[in-house]
There are 2 protein chains.
Amino acid sequence: MKTTKTASSKTDSHRWFTEELSKHLARKNLKQTKQRQALIDVFIELATHVSAEELHIAARAAGLDVGLATVYRTLNLLSDAGLVEQKQFSEGRFVYEIVEPGGHHDHLICLDCGTVIEFANDEIERLQEKVAAKHQFKLTSHRLDLFGHCQKVNCDRRN
Amino acid sequence: MKTTKTASSKTDSHRWFTEELSKHLARKNLKQTKQRQALIDVFIELATHVSAEELHIAARAAGLDVGLATVYRTLNLLSDAGLVEQKQFSEGRFVYEIVEPGGHHDHLICLDCGTVIEFANDEIERLQEKVAAKHQFKLTSHRLDLFGHCQKVNCDRRN
DNA sequence: GTGAATGCAAACATTTTGCAGGGTG
DNA sequence: CACCCTGCAAAATGTTTGCATTCAC
């Protein structure tokens, strides 16, 4: 019975996240519900790139009785609030990722075992701006995913 | 009535594409059919990023009686053959793009009017390799999409 | 108490698949 | 003439929506 998700063990970023959400809800006259709070707790504990279904399963495993529709609605809410980002690494389904206060990063994805490594590279970002400028674009965001094969000994070459 | 799609007006790249496909079909013991050939002709004439449904509509407009399932099957075939690439610019549907003999390129996408500009930047590619190497990855491919706003006078800020 | 949130099931959109008939090599 | 390809409709997948009920403020 996971008991770590309730109160005292909240990290700073967990607390920050919860506060940001509260602000957003207040701003939009939306309501703080048990499901929303709990889903976020579970999400933050998973602490990775999570699909709606995975979050649903994890939530139910944690004893929360929540429907898949609510998971989607909550993820969309968090997306609107700018607290999570919708990504797509493999075809046909989205994964969601918590937006950390500080920074943006890109992804390095192993095609064999599915491992996702996050990285940031200022030099690449600078070059992107240069490209955009050359075409008279004002950049708002970008997506850079590198696909390849990791060299981990336990990388499973199936999947 | 589009009459340009039939014979003499084939470009070099059109011809190259058709030949590559023939090779692939022969290699795999697959068959050359009217639909496949015609779909490719239509695809190449569109000459842009095309969704399965758009290609289907264009094909029917060109007088070809083809089912949507065949369009998908053909696009997947071309994908396997390495002649087209499946991309995803907006959520929920794929677009397909012809792979030109020479080169890879990335995309600059206007969020207002949907314009897609292709670009290539060796320096960025080199940095990507460097990032991958640092994490002991062997890179096979990547995806770089820059999103922003173009400054065209006729860019429609709706959509 | 009013309006928003939930759970369920039905609706949706896109892509895939099973099957019987037709065409290619 | 074997086997691939096609068209159609049904299935599969992932996400959204309508509705009656429940719950937060």
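Each chain gets a letter, A, B and so on, in the order the sequences are listed, and its residues count up from 1. Atom set for the values below is all heavy atoms of this structure, side chains included, hydrogens, waters and symmetry mates excluded.
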May I ask you to evaluate whether B/Q32 reaches the phosphate of D/dC5, defined as a side-chain N or O under 4.0 Å from OP1 or OP2?
no
Looking only at the side chains, is there a donor atom on one of B/H14 and B/D41 sitting less than 3.5 Å from an acceptor on the other?
yes
B/Q35 CD to C/dG22 P: how many Å, rounded?
14 Å
Under-4.0 Å side-chain N/O to phosphate OP1/OP2 contact, B/T33 with C/dG23:
no
In whole Å, I'd like the distance from the CD atom of B/E53 to the P atom of C/dT14.
6 Å
Which sits closer to the 5' end of DNA chain C, B/L30 or B/A69, going by the nucleotide each is nearest to?
B/A69
D/dT15, OP1 or OP2 - any side-chain N/O from A/Y72 closer than 4.0 Å?
yes
Starting the side chain at C-beta, find the nucleotide from D/dT16, C/dT15, D/dG18 nearest to B/R93.
C/dT15
Can you tell me how far C1' of C/dA13 sits from CD of B/E54, to the nearest Å?
15 Å
Any base atoms under 4.0 Å from A/R36, or only sugar-phosphate, or nothing? Heavy atoms, all strands.
sugar-phosphate
Grab the CG-C1' distance between B/L64 and D/dT6 for me, whole Å please.
11 Å
When rounded to whole Å, the CG to P distance for the pair B/L78 and D/dC5 reads 12 Å
Can you tell which of C/dG25, D/dG7, C/dT15 lies closest to the side chain of B/K31?
C/dG25
Residue mapping more 5' on DNA chain C - nearest nucleotide basis, B/Q86 or B/K34:
B/Q86
Between B/L68 and B/N29, just flag the one whose closest nucleotide in DNA chain D comes earlier from the 5' side.
B/N29
What is the distance, to the nearest angstrom, from the CD atom on B/Q37 to the P atom on C/dG23?
18 Å
Describe, in one word, how the ring planes of A/F119 and B/H135 are oriented to each other, choosing from parallel (under 30°), tilted (30 to 60°) and perpendicular (over 60°).
tilted
Establish, with yes or no, whether the OP1 or OP2 oxygen of D/dT16 is under 4.0 angstrom from a side-chain nitrogen or oxygen of A/N76.
yes
Roughly, in whole Å, what's the span from CZ in A/R27 to C1' in D/dC25?
18 Å
Taking the minimum atom-to-atom distance to the side chain of B/R73, which one of D/dC25, D/dG7, D/dT16 wins?
D/dG7
Under a 3.5 Å cutoff, is there a donor and acceptor pairing between the side chains of A/R143 and B/Q88?
yes
Using whole Å, report how far CG of B/L25 lies from C1' of D/dT6.
15 Å
For A/T18, does its backbone N or O pair with a side-chain atom of A/S22 as donor and acceptor, under 3.5 Å?
yes
If you measure from the Lys or Arg side-chain nitrogens to the Asp or Glu carboxylate oxygens, is any gap between A/R126 and A/E129 under 4.0 Å?
no
